Every structure is written in C-alpha cells, then in structure tokens.
Amino acid sequence: MSYVDELDQRRQAIIADMAPKASSLFGAQALFVADITDAAQRAEEIVLSNFGSQSASPFALAQMGCFDTFGAMFLLCRWQDDMTEPARQHIKKVMTGNIHGRGNTENHWLMHYTAQLLAAERFVDVDVWWNGLPREVFLAEAKRWILGTIDRTARIGHHEYDSTDYHGWHVLPMIALADHAQDETIRHQAGSMATLLIADMALEYFKGGWAGGHAREGYRENTWTAVGCAAALLYLYFGGPTFGPMQAQQQMAPALTSFYQPPAILAAIANDRSKPRVVKKTKAPRNIYRHVHADAKPVYKTTYTSRSFALGTTQTGLPGAPAGPIDLVSWDLTWEGPKHEAKIVSCHPYVDPGRFSAFLSELPQDIGRTVPAAKPYLQFPDRLYGASPYERMMQHESSAIILYRIPAGDQHPYVNVYLPRSTTWRQQDDLLFGDAGAFFVTLRLIGEARWDSVHDADFINGWILRLRGDNVGLVIEASEKEGHDDLDAFVSACSEGSVDLSEWATGNKVGYTTRTGDRLEMTYDGEHMINGEPIDYTRWKLYEAPEATAEMASGIIQFNHAGESLTLDFEVDPAREMIPMRVIG
Amino acid sequence: MLNGSWLVGTSRGVYASGEGGTWERLGAYRFRITAFARSDRRLLAATGSGLWELSEERWLQRHDETLTEVMDVIDEEQRIVAASAYGLALGETESSGATRWVWLSDGLTVSQRFTNTILRLGDDHFLAGTEAGVLIYDGANGWLTTSLQDLPIRSLIRWQDHYLAGSDRGLWYSDNGVDWSRTGTEDAVYALAAAGDNLLAGTEQGVSVSADARAWHNAGLEGMRVSAIAADARSNGHWYVGGSPGGLWMTQDHGRTWVGFPEIPDEVEAISAAGARL
C-alpha cells in the first residue's frame, strides 16, 4: 500500500470517530468530509456559539484568543463554499471587528498572525482593521512576522522546539498558510516549514510516541506514551500501535482535511527500525529575559532510536538559576507500552518563583503565587517535568549520564526518578536492572534512593525513586535483548565497576563504560568525553542524522532514505538580520 | 470622558472613572496594563501584549511585530519611547499608519535590557530603570551606567530637581541621575508619585509619604504590596493606589482612611489621574 493510501486509511478512520462528536472550530472541519447530511448547519451552530460572543459592555467588542481566530479562519478558508452564509458573515464580522489577543508564546503569535493574514487577504472590502490600522498595514505586519519566523527557524532551529503539547499549533498554521495564503512566497515557505516541522517528529518518532527532549511537555502527561496534540499528528502521518482519543483529537482535525500532506519519505524515516539511529539537532536558545547575566545558549538534542526503545537527552543551554522553563522535559527513555508504563524520566522539581519571572514580565514578588494559583501542578513536589538549572547530562548512543548539583537551601532538595510499575526490576549491588519486555535497562542511581509511589488521578501512576542529597544523579543504559535469554543472564553479563564515581564528590566527574565498551566521562559544568574525545557542541549542525543533514544558518535541509531524497531550501540570506525573538515557548 | 477620568490599569484591562464614583471597563481588552502616557493629543497604554492608543471608540494598535511586554511609555508626540522586557525602543508612526520601532538595548546584558520604567531627561536622553539597575541612554553617546547597579528598579521620578528610584531593595536618591545614595525605606518600592509638596511611594508595606524624600512615614495599607499610586492635583490628600494583589483603593484624607473598590478586584499596576498631562 502506498503512503498516500495509508494516510487516507488513517484519515478516514479518524474522521469516522471524530465527526459525530465534532463540537469545536477545529473539529468542525471533520463534518464536511464525513457522511453527515447537516454538516453546514452543525458547523454554523459551532461558529455562532463558539466564536466571538459579544459582551454586555457598552464597549461591546469581545476579546478573542488566537486559538479561536485561527480555528475560525482555517475553517472558513477550507470550507467556505460549503458553509452557510450566516457562518461566513459571522466569522468576517468577528475577525474584522472584535479585539484579538496575540498571546505571549511562539505558537500563539503564529496562530494570531496566520489568522490575521488569511483574513486580511480575503476581506479586502474592510479598510480599517479591528485594531484601527489600515488592512494593508496589518497584512504587511503579519507577512513580516511569518516569513521572519520561518527564516529564523530554518537558520538556527525552532524556538518552541519539538513540543508534544504545542507542536501541532506550529504545524497547523503552516499547513493553513501552505493551503490558503494568497501570497505565493508565504504559501511556498509555509509548505516547506510544515514539512520541516513534521520531519522533526519523524526523526524522533517511536511507535506512536515522540522520544527524547521537548521544549514543552508539561502538565503531568510526560510519562504517557502518547502525549499532547502531537500524538494525533504522529498517528495520522506515521501510524502507530494504538488508536484512541489521543490519536483522534478534534483540535488537530484540520490536518485531516488539508490539501497539504507530507512527503512519503518522512513516514519511511519515522518507521525504519532496521538499524539504530542517532539524531542530533540544534535548536534556538530559550528566551530568558531577566535574573541572569548571560543569554541562553543554543539547545543541542541527542536522540538514539533502536528497535525496541528510544533514548533522548538535551543540552538545554540555560544560563543558570533561576532560569528553568516550566514545562521543558530534558530527557526520557521511551518504548512501546500502555500509558504510564513505557517511560523513564527524572526531574529535580525546582520551584523558585524566579523560574516564572525569568520569562514572564509580571512582578517577581507576585508571580510565585499568581502562576501556581492557576496551575498548582507546576509546584508539585512529585513533579516530573520542568527544567532545573542544576541538571546536566550527556549521552552516547543508548547510554546517558544525568547529574544534579542541588545547592543547599533549595526548596526541593531531591530528584524524582520515574519508573513504570509493570517493568520487572532487580537490584544487584549498586545497580538496578529492568526487564521492559523487548529490552533491558541498566540504572545506576547516584545518591540515597528511596522507593515511593506516585498516583495522581489519571495523570501519573508509577514508582518514584527519590534521590536525596546535594550531588545526585543516575547513569542509564538501554540494551536490546539479543544475546541474553533473560534478565538473569543479562545481569550476570554485567561487568562490575562500569560506573566510576571516584571523582564525583571532589572532581565533579562521573565515568561510565557501556556494555559495548565505550567510555563516557562527564564533568559537571565541564567536558563531556566519549572514548577520550571531547564533544564540541558548538560545532554541531542544525540536523545530523543518517537520514537528515543541514549546516547551521544554511537554510538547506536534506533528507534521504532508501534511495529517495528530499531537499528543503528556504533560500535564506545569511547577511540579512534575523527577526528578533519576542515570544516565549 | 477620558480627559476628565481617572484611569486604572489592571491585570485584566482598563477601567475609567465615571460620574458619581463609578468605574467602567474601557474597551474589551482584558490583558495586563502596566502604564499610561497622557498628552493633549492622545492616551497611550502600555500592555503585556504591546502598545495601544486608547479612545472610547476604538483601541488603535501602536506596536508592531517586534514590540511586546511593554512596561512603561513616554509620548513625545512625534515619536513614542517604550520600555519593555526586551529593552528600550523608539517608535515613529509612518504615513501608512504603521508604527515601526527601532531598538536601542540590543548590546546590553539580559537584565539590563529588561526595562521596567523610564524617565525623560531631555532630547534623546533618558533614565532607564532596568532589572540590573539605573542606566542612562544618551542618543549621542549610547548607554552609560550609573552608581545604582545590580538590583531591579521598579519606579523613577523627578521631584523638586532631584531623582528618585524605587527598587527591590529600597529607595534611592540622586541629584544628577548618575550618583545614587539610599534614602528612606529599605522595603521594595514599586511606584512613586508627586502629591503637591509631598512625595508618595507605593512599597511592599503599603503607602509611604515624605515632604523631603528623606524622612518617610507610613500612610496606610501596611499589609499590601502597593504597585501603583497617583494623586489628585486638584484635591489635597486625595490619592488612589493599587495593590498587587489588593485592587484599587482611595483616600481623601492623606491616608488616614482608605476605601477599596470591589468592582476592580484585580492587580493594579497603573493609575493615571484625571487631567494628567506629560
């Protein structure tokens, strides 16, 4: 079966599940491709009830969020010929007359400017826009930001990178622009960027999930195997072992009905498990705008995928305390399995209020209460996501060293290590060995460890190993089962003394010899060495993988797989100044 | 209405005072308001999501795709000076109606860029209260440091030929804007305002008042973080203050008694007195 046929098969299955219960501006798109006789009427009801309700204020301009404006404009652009006149007119009235919020994250601004551009290109009879500006002026602003952001991403990497929670809110606007922008340059560039963003998923796809580090994977879901809106796109574009609510999310419905579809080579890369793959990516620096003396450095990601598991880590490039993006996930070990049962991850649940005000402009004295009042889980002691300024790590293939130096006085002076309940664990000397079904895990915990249980509604359910102390961490290695009949044989074959902590307490250094004989040496805030050779992250490419390569700042990304190839050329001008980064993510 | 109204900027939009002590929401914009700039010609509101020119009929966008998280604003008629989390910027409105911004802070360090408050010293000459202290921007010479460094500055005011800076570590005093010395409270000072011959300060421990900027006494709301403050130039002892948290409060007797306004229950970071001008 061709990729196009596979894609269509999955698309039809999702639509059949979604259309009968469509209730959102995004889900409404499924109505028009399903066999539903009153699709236009139902879409009208959704538009009229969900979009731009007027307030009773004498200044009756309802303030709209970017999700709403983007959802409505994408719906209109795709299905205007099938929609009712009242629905079309309502969208036009709200888009040109209400007050629209731009938000404060990169995905917010992308949705905002995408919606505004699509509206300003269409509603040419409206001279003065909702914000008081001439239509042409605001159209030009939207074009500048969209093209500037594409250019920036092609040169130094995506800012709100690889976010399971928000990647879909980057992919969908690019698809909307590729399909519906009237500006030819934007249409072309957005189509290429949609492909690059989907390629980001393909390179780290693992059996329905997205392995490794993510700019944003929060809110108590990062121990799930299918996380966030990305789960729906991963299933649609690459398939997967599970089909359920996470794979049929209404909010990603526009991807089901779009004209754009990704090139087949990306699905082939995503699903190729014929041999292990190391993917190295560079991403744009985190946006930290106070409390620190230096700008953040670029993000460097390493992800290793094998037949049965994927291990990914991140050099987050953060400039020091209190900078700690609140929903960043720096590493995880991922495999196929039910929710909660196929992830290992660790986190120092750093809670200094400065981590909020480092990238939110509210008063630092106030923000430690206002942000957690709305999102109390951001301060939970058992938290498993969110960056810590005291976490460092390195990776070589299927092994990683993760170290923490937590200063005295930290409110949560420990590290949470999450382990699934269904994995069979065995302890021998200082090592933990796990049988995860298709592969084995070796864990060396550094510091005093105590087993505990974590069970938070449907969000988290597993073991937490709490590592207490100032100088803690872990060494982890995953190994395919080949060559070992069972866990006993695997444990027996483990060489003693593979983890070297002799210089950890005094010299900040940990060494590890992998089961295949490679030597990792990591100095906290110092060099990362593999077999005696230091890793120079500053020389990394934008993409470096067997199937993908791109030099920094070139804007040219090449993919190849099994004789097929794909080149994305964003035609960047290195001499041109990049658009300034003014959003968080 | 606006010219004769008090304006209150909250974490969820703007309120304008009406007849009989009432307050009405001005426009549907519900995001955070950090500062106002009033001139004879227009009213500007600095917001978390950009800069807007406010009228009763419509809010007019004055930011572009580079300006956001605006913390303070000065209206110079021909151009606008904006302080933001990303630095200081100068905006000029083109004939097309677009206001385009030129950035001045790009060479500074991270916390030096984050500008909470600005004070105009002269043509192309500003005091900038940043997260890393007070800096001086001089169009001819660029950025100059002052003796007040390495602490967040929340408010600046020129008062009787002196300069005062409210910081997270108390109040600071200068005769020239370059050399600073501590004065008054050591509590964080978020807002400063002139009230006749007196000076008002919104602090971590309520309202303080001084006749000479050196000796201060508390004037109520001791348990409140007072983040905005303004005085009625036409009525002695009539002040409005805002808490973060705490909402809007008013006194008409120099702070002996205070009354809160339950219709404005949000954090208040900006207050503009009726009839106020640059």
Side-chain angles (χ1 to χ4, degrees), chain A residues 54-55 57-64 98-99 101-104 108-109 112-113 128-134 136-138 140-146 148-149 287-296 319 323 357-367 369-370 579-584, chain B residues 11 13 24-32 34 48-50 52-53 55-71 84-87 94 96-100 103 106 109-114 116 130-132 150 152 154 168 188 190 204 225 227 243-245 267 269:
Chain A
Q54 299 289 303
S55 76
S57 159
F59 310 101
L61 292 170
Q63 188 235 302
M64 302 299 304
N98 282 30
I99 289 175
R102 188 167 58 168
N104 67 345
H108 290 167
W109 280 35
H112 172 75
Y113 280 123
V128 180
W129 215 240
W130 59 268
N131 52 9
L133 295 177
E136 295 87 348
V137 166
F138 200 40
E141 178 183 327
K143 279 183 188 176
R144 287 195 304 269
W145 193 82
I146 290 167
T149 295
N287 198 351
I288 303 295
Y289 55 46
R290 63 175 156 180
H291 304 330
V292 295
H293 293 294
D295 285 299
S357 49
F359 71 98
L360 297 171
S361 65
E362 283 80 356
L363 274 178
Q365 291 85 346
D366 200 27
I367 207 164
R369 288 181 64 85
T370 53
I579 191 171
M581 175 50 71
R582 294 290 188 252
V583 285
I584 59 175
Chain B
S11 53
E24 288 185 5
R25 180 178 286 281
L26 179 62
Y29 197 92
R30 289 177 185 267
F31 287 144
R32 175 181 171 223
T34 54
S49 187
W52 296 85
E53 182 178 333
S55 73
E56 292 171 77
E57 292 76 30
R58 185 191 285 277
W59 288 35
L60 175 59
Q61 180 184 314
R62 287 299 181 203
H63 57 262
D64 64 4
E65 73 277 17
T66 69
L67 183 66
T68 187
E69 304 288 1
V70 185
M71 309 300 291
S84 86
Y86 297 95
E94 301 171 346
S96 67
T99 305
R100 302 303 305 275
W103 290 83
D106 290 350
T109 65
V110 178
S111 288
Q112 284 178 331
R113 289 196 295 261
F114 194 120
N116 291 300
T130 77
E131 286 285 326
D150 297 326
R154 306 283 170 210
D168 280 3
Y190 304 100
E204 184 68 21
R225 178 179 302 123
S227 47
S244 287
E267 283 82 358
E269 289 187 66

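Side chains included, hydrogens not; waters and symmetry mates left out as well; all remaining heavy atoms used. As the structure is a computational prediction, the values presented were derived from the model and not from experiment. Letters A, B, ... mirror the listed sequences (proteins, then strands); counts begin at 1.
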Nearest heavy atoms of B:Glu65 and A:Arg102, plus distance in Å = CA-NH1, 4.0 Å
Heavy atoms of A:Pro580 and B:Thr66 approach each other most closely as CG-CG2, 3.9 Å
Side chain, backbone, both or neither: which part of [X] has a non-hydrogen atom closer than 4.5 Å to chain B?
{"X": "A:Trp109", "result": "side chain"}
{"X": "A:Glu136", "result": "neither"}
{"X": "A:Ala294", "result": "backbone"}
{"X": "A:Ile579", "result": "side chain"}

Only one of A:Leu133, A:Asn131, A:Val128 passes side-chain contact (heavy atoms from CB on, under 4.5 Å) with B:Leu60, and that residue is A:Leu133
In terms of heavy-atom proximity below 4.5 Å to chain A, should [X] be classed as side chain, backbone, both, or neither?
{"X": "B:Ser227", "value": "side chain"}
{"X": "B:Pro152", "value": "neither"}
{"X": "B:Glu204", "value": "side chain"}
{"X": "B:Arg100", "value": "side chain"}
{"X": "B:Glu267", "value": "side chain"}

side-chain contact (heavy atoms from CB on, under 4.5 Å) between B:Arg30 and A:Ile99, intermediate numbers included | CA-CA 10 Å; B:Arg30 289 177 185 267; A:Ile99 289 175; over 6 Å; no
Could you have a look at A:Gln365, A:His293, A:Glu141 and say which one has the most heavy-atom pairs with chain B under 4.5 angstrom?
-> A:Gln365
In terms of heavy-atom pairs under 4.5 Å with chain B, which of A:Leu360, A:Asp295, A:Thr370, A:Val583 leads?
-> A:Asp295
Check: B:Ser111 side chain, A:Arg290 main-chain N or O, donor-acceptor pair, under 3.5 Å = no
Before giving the answer on side-chain contact (heavy atoms from CB on, under 4.5 Å), spell out for A:Val137 and B:Glu94 the whole-Å C-alpha distance, their side-chain angles and the decisive distance to 0.1 Å.
-> CA-CA 10 Å; A:Val137 166; B:Glu94 301 171 346; over 6 Å; no
Side-chain donor-acceptor contact under 3.5 Å, B:Glu69 with A:Asn104 = no
Before accepting this row, confirm whether a basic side-chain N of the pair A:Arg582/B:Asp64 lies closer than 4.0 Å to the acidic partner's carboxylate O.
-> no
Plane angle bin for B:Trp52 and A:Trp130 - parallel if under 30°, tilted between 30 and 60°, otherwise perpendicular | tilted
